[in-house]
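Values reported hereafter were calculated over all heavy atoms of this structure, with side chains retained and with hydrogens, waters and symmetry mates removed.
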Amino acid sequence: MSEDAPAALSGVDETAVRTALIEWYEADHRDYPWRRTEDPYEILVSEVMSQQTQLDRVVDAWEAFLDRWPTVADLAAADRADVVGFWTSHSLGYNNRAKYLHEAAEQVLTEYDGEFPRDPDELSELMGVGPYTANAVASFAFNNGDAVVDTNVKRVLHRAFDVADDDSEFERAAQQLMPEGESRIWNNAIMELGGVACEKTPSCDAAGCPWREFCHAYETGDFTAPDVPTQPEFEGSRRQMRGRVVSALKDDRELALDDLGPKVRVDYVPDGEYGREWLRGLLGDLADDGLVSVDERDGDTVARLRK
């Protein structure tokens, strides 16, 4: 960890964190069509359309837009009224976005000879392209961006690593975690994590969140975040108990049931309601999710984190 890295990342195995997230994303993610292209024009259109619009609603509009104006030159040559009319007819909201997108296309043709600039600062010179959109296009089209920090990413970093609710701290933490030269896959992956696993109401286990082993919120059961001011509902206390199991088994430790139980619940009694059978159920869930290995050894059930 670099000297100027946020204190929240102290002790975090950054290599393991990066590997877990990227492998999770590569194994399965939502297949939006703009994730299958590196064309900066197509990516810019998707980013502008996605502002405050649900992604599933954007797909049809994005495909229809590109059918009508397939290149940046086609869009620049279009009648602006037609572009705004398209925006309105597809209920994309804020018609000035359509106006700015058309103006940006004209800029690319007249100021950049039809070639999109490749870095976030230059992309920010395009009409209506703010820092977030510029960085997204630089990342997804050219693999040349910084770490994206949007509301979802802030929520993920706050919950997973207890990063302070401060914009500069979020930016430092996001940049520290992103593998150098890997902005395309990293930014896609961490935004996917915020979109399917670490939403306002989290679905850690159902989505197979790859950061459960490292996650402060999963361990403590406190899923508040900058955009979640009160504790959201989650799977009762069971998720919190799973987090405590993971915490107890950190640092390559392995524990028998009766050694692990009291670390999970202070009222653990081997034959009680919260005893061995209850604990086996938790371990079975975690084993199914690929987080824990459970073995029978010399008459004892022994659990350890799976690496």
A.B. asks: Over all heavy atoms of both residues, which pair between V246 and R212 is shortest? Give the atoms and the distance, please.
C.D. replies: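 Of all heavy-atom pairs spanning V246 and R212, the closest is CG1-O, 4.1 Å.
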
A.B. asks: Return each pair, listed once, that meets ring-ring contact (aromatic ring centres under 6.0 Å, His included) where at least one residue sits in residues 120-163; pairs must be two or more places apart or across chains.
C.D. replies: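 As it turns out, the ring-ring contact (aromatic ring centres under 6.0 Å, His included) pairs with a partner in residues 120-163, which skip direct neighbours, are F161-W211.
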
A.B. asks: Quick one: does V302's side chain get under 4.5 Å of V294's, heavy atoms only?
C.D. replies: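 V302 does not reach V294 side chain to side chain.
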
A.B. asks: Evaluate the criterion side chain to side chain donor-acceptor pair (under 3.5 Å) for residue pair D222 and T224; output intermediate values, then yes/no.
C.D. replies: CA-CA 6 Å; D222 181 3; T224 54; 2.8 Å; yes

A.B. asks: Rounded to the nearest 0.5 Å, what separation is found between the OG1 atom of T301 and the CG atom of L257?
C.D. replies: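 Answer for the OG1-CG pair, T301 versus L257, is 4.5 Å.
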
A.B. asks: For D31, give me all partners under side chain to side chain contact (heavy atoms under 4.5 Å, CB included), at least two apart in sequence or on another chain.
C.D. replies: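 D31 satisfies side chain to side chain contact (heavy atoms under 4.5 Å, CB included) with R36 once adjacent residues are dropped.
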
A.B. asks: Mind checking side chain to side chain contact (heavy atoms under 4.5 Å, CB included) for N143 and listing every partner two or more places apart, or none if nothing turns up?
C.D. replies: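 Applying side chain to side chain contact (heavy atoms under 4.5 Å, CB included) to N143 gives S183, R184.
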
A.B. asks: Give every residue pair that meets the salt bridge (Lys or Arg N to Asp or Glu O under 4.0 Å) criterion with at least one member in residues 143-154, sequence neighbours excluded.
C.D. replies: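 Checked against salt bridge (Lys or Arg N to Asp or Glu O under 4.0 Å) - neighbours excluded - the pairs reaching residues 143-154 are K154-D167.
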
A.B. asks: Nearest 0.5 Å, please: how far is CG in D285 from CE in M241?
C.D. replies: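 With rounding to 0.5 Å, CE (M241) is 13.5 Å from CG (D285).
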
A.B. asks: Can you tell if the side chain of T133 reaches within under 4.5 Å of the side chain of L44, non-hydrogen atoms only?
C.D. replies: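 Yes, close enough: below the 4.5 Å cut-off.
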
A.B. asks: Taking atom OH of Y94 as the centre, report whether more than 12 heavy atoms of other residues, nucleotides or ligands fall under 6.0 Å from it.
C.D. replies: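 No, because the 6.0 Å sphere around OH of Y94 holds 12 heavy atoms or fewer from other groups.
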
A.B. asks: Hey, is the main chain of V196 close enough, under 3.5 Å, to the side chain of S203 for a donor-acceptor pair?
C.D. replies: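 Answer holds: yes.
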
A.B. asks: First locate atom SG of C209, then atom CG of L291, and finally report the distance between them rounded to the nearest 0.5 Å.
C.D. replies: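 Answer for the SG-CG pair, C209 versus L291, is 9.0 Å.
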
A.B. asks: Do you reckon V84 sits in the same ILVMFWY cluster as F65, going by side-chain contacts under 4.5 Å, direct or chained?
C.D. replies: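 Each belongs to a different hydrophobic cluster.
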
A.B. asks: Could you check if a side-chain atom of Y268 sits within less than 4.5 angstrom of a side-chain atom of L260, using non-hydrogen atoms only?
C.D. replies: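 No - every pair of side-chain heavy atoms lies 4.5 Å or more apart.
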
A.B. asks: Inspect the surroundings of CD in E296 and state if more than 12 heavy atoms from other residues, nucleotides or ligands are less than 6.0 Å away.
C.D. replies: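 Above 12, so yes.
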
A.B. asks: Can a side-chain donor-acceptor contact be found between D166 and S168 if the only test is distance below 3.5 angstrom?
C.D. replies: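 S168 vs D166: donor-acceptor pair found between side chains.
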
A.B. asks: Under the ring-ring contact (aromatic ring centres under 6.0 Å, His included) definition, can you give me all pairs with a residue in residues 7-33, not counting sequence neighbours?
C.D. replies: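 Listed once each, the pairs are Y25-H29, Y32-W34.
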
A.B. asks: Apply side-chain contact (heavy atoms from CB on, under 4.5 Å) to the pair L21 and I190, showing each step before the final yes or no.
C.D. replies: CA-CA 7 Å; L21 179 59; I190 196 167; 4.0 Å; yes

A.B. asks: Looking at A174 and W186, what are the two nearest heavy atoms and their distance?
C.D. replies: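 For A174 and W186, the tightest heavy-atom pair comes out as O-NE1, 4.3 Å.
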
A.B. asks: Return each pair, listed once, that meets salt bridge (Lys or Arg N to Asp or Glu O under 4.0 Å) where at least one residue sits in residues 56-65; pairs must be two or more places apart or across chains.
C.D. replies: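 Listed by first then second residue: nothing to list.
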
A.B. asks: Is there any ring-ring contact (aromatic ring centres under 6.0 Å, His included) pair reaching into residues 279-307, and which pairs are they, with sequence neighbours excluded?
C.D. replies: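 Of all non-adjacent pairs touching residues 279-307, none passes ring-ring contact (aromatic ring centres under 6.0 Å, His included).
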
A.B. asks: Quick check: is Y274 connected to L279 through a chain of hydrophobic side chains (ILVMFWY, heavy atoms under 4.5 Å apart)?
C.D. replies: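 Result: yes, single cluster for both.
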
A.B. asks: Are N187 and S139 close enough, and set up right, to give a side chain to side chain donor-acceptor pair (under 3.5 Å), and what steps lead you there?
C.D. replies: CA-CA 7 Å; N187 286 330; S139 294; 3.0 Å; yes

A.B. asks: In Å and rounded to the nearest 0.5 Å, what is the CG to OH distance from L109 to Y112?
C.D. replies: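 Nearest 0.5 Å value for the CG-OH distance: 13.0 Å.
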
A.B. asks: Report yes or no: does D295 contribute a side-chain atom to a donor-acceptor pair with the main-chain N or O of R297 at less than 3.5 Å?
C.D. replies: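 No; zero donor-acceptor contacts below 3.5 Å.
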
A.B. asks: Has the side chain of S50 got a donor or acceptor atom that lies under 3.5 Å from a matching backbone atom of E47?
C.D. replies: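 A pair under 3.5 Å: no.
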
A.B. asks: Please check if V129 and M127 belong to a single hydrophobic cluster, counting links between Ile, Leu, Val, Met, Phe, Trp and Tyr side chain heavy atoms closer than 4.5 Å.
C.D. replies: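 Hydrophobic grouping puts V129 apart from M127.
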
A.B. asks: Answer with yes or no whether the hydrophobic clustering places L101 together with L55; edges join I, L, V, M, F, W, Y residues whose side-chain heavy atoms lie under 4.5 Å apart.
C.D. replies: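 Yes, same cluster.
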
A.B. asks: Under the side chain to side chain contact (heavy atoms under 4.5 Å, CB included) rule, collect the residues that match up with E219, sequence neighbours excluded.
C.D. replies: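 Partners of E219 by the side chain to side chain contact (heavy atoms under 4.5 Å, CB included) criterion, ordered by chain and then number, come out as S247, K250.
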
A.B. asks: Hydrophobic clusters here meaning ILVMFWY residues chained together by side-chain heavy-atom distances under 4.5 Å, can you tell me if Y100 and L75 are in one?
C.D. replies: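 Unlinked, Y100 and L75 end up in two clusters.
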
A.B. asks: At their closest point, which heavy atom of A147 faces which heavy atom of Q175, and how far apart are they?
C.D. replies: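 Reported closest heavy-atom pair: N-OE1, 2.9 Å.
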
A.B. asks: Can you see which heavy atom on V83 is nearest to which on A98, and at what distance?
C.D. replies: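 Heavy-atom minimum between the residues: CG1-O, 3.9 Å.
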
A.B. asks: Write down the atom of S124, the atom of G130, and the distance for their closest heavy-atom approach.
C.D. replies: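 Heavy-atom minimum between the residues: OG-O, 4.2 Å.
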
A.B. asks: Working note: Y218 + E213, criterion side-chain contact (heavy atoms from CB on, under 4.5 Å); need CA distance, chi angles, decisive distance, verdict.
C.D. replies: CA-CA 8 Å; Y218 191 82; E213 177 183 344; over 6 Å; no

A.B. asks: If you look only at pairs with a residue in residues 76-93, which of them pass as a side-chain hydrogen bond (donor to acceptor under 3.5 Å, both in side chains), with sequence neighbours excluded?
C.D. replies: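 Listed once each, the pairs are R80-H102, R80-E103, R80-E106, T88-N95.
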
A.B. asks: Might you point out which heavy atoms bring L283 and A303 nearest each other, and give the distance in Å?
C.D. replies: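 L283 and A303 have their closest heavy atoms at CD2-CB, 3.8 Å.
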
A.B. asks: Under a 4.5 Å cut-off applied to non-hydrogen side-chain atoms, are P40 and L123 in contact?
C.D. replies: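 They are not in contact (no side-chain heavy atoms under 4.5 Å apart), so the answer is no.
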
A.B. asks: Given R35 and E192, is the salt bridge (charged side-chain N to carboxylate O under 4.0 Å, His left out) satisfied, shown in steps?
C.D. replies: CA-CA 11 Å; R35 286 180 171 172; E192 182 79 351; 2.9 Å; yes

A.B. asks: Residues two or more places apart in sequence or in another chain: which of them pass side chain to side chain contact (heavy atoms under 4.5 Å, CB included) with D74?
C.D. replies: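 Listed in chain order: W69, P70, T71.
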
A.B. asks: Show, in sequence, the C-alpha distance, side-chain angles and deciding distance for D39 and F116, and conclude whether the side-chain contact (heavy atoms from CB on, under 4.5 Å) test is met.
C.D. replies: CA-CA 9 Å; D39 184 316; F116 270 78; 5.6 Å; no

A.B. asks: Any pair with a residue in residues 15-26 that passes salt bridge (Lys or Arg N to Asp or Glu O under 4.0 Å), sequence neighbours left out, goes on the list, sorted by first then second residue, please.
C.D. replies: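 Sorted result for residues 15-26: E14-R18.
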
A.B. asks: For V292, is there any backbone N or O sitting under 3.5 Å from a side-chain donor or acceptor partner on R306?
C.D. replies: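 Here the side-chain-to-backbone pair exists.
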
A.B. asks: Nearest 0.5 Å please: distance from the NZ atom of K263 over to the CG atom of L255.
C.D. replies: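 If we round to the nearest 0.5 Å, K263:NZ and L255:CG are 6.5 Å apart.
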
A.B. asks: How would you list all residue pairs meeting salt bridge (Lys or Arg N to Asp or Glu O under 4.0 Å) that involve residues 111-125, not counting sequence neighbours?
C.D. replies: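 Those involving residues 111-125 do not exist here.
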
A.B. asks: Please report the interatomic distance CG(D259) to CD(E254), rounded to the nearest 0.5 Å.
C.D. replies: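 The CD atom of E254 is 11.0 Å from CG of D259, to the nearest 0.5 Å.
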
A.B. asks: Determine yes or no for a side-chain-to-main-chain donor-acceptor pair under 3.5 angstrom, with N96 supplying the side chain and K99 the backbone.
C.D. replies: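 Not a single qualifying donor-acceptor pair exists.
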
A.B. asks: Using a 3.5 Å distance criterion without hydrogens, assess whether the side chain of R97 forms a donor-acceptor pair with backbone atoms of Q51.
C.D. replies: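 It does hold such a pair.
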
A.B. asks: List the steps and the verdict of side-chain contact (heavy atoms from CB on, under 4.5 Å) for M191 and N152.
C.D. replies: CA-CA 7 Å; M191 288 194 296; N152 287 342; 5.8 Å; no

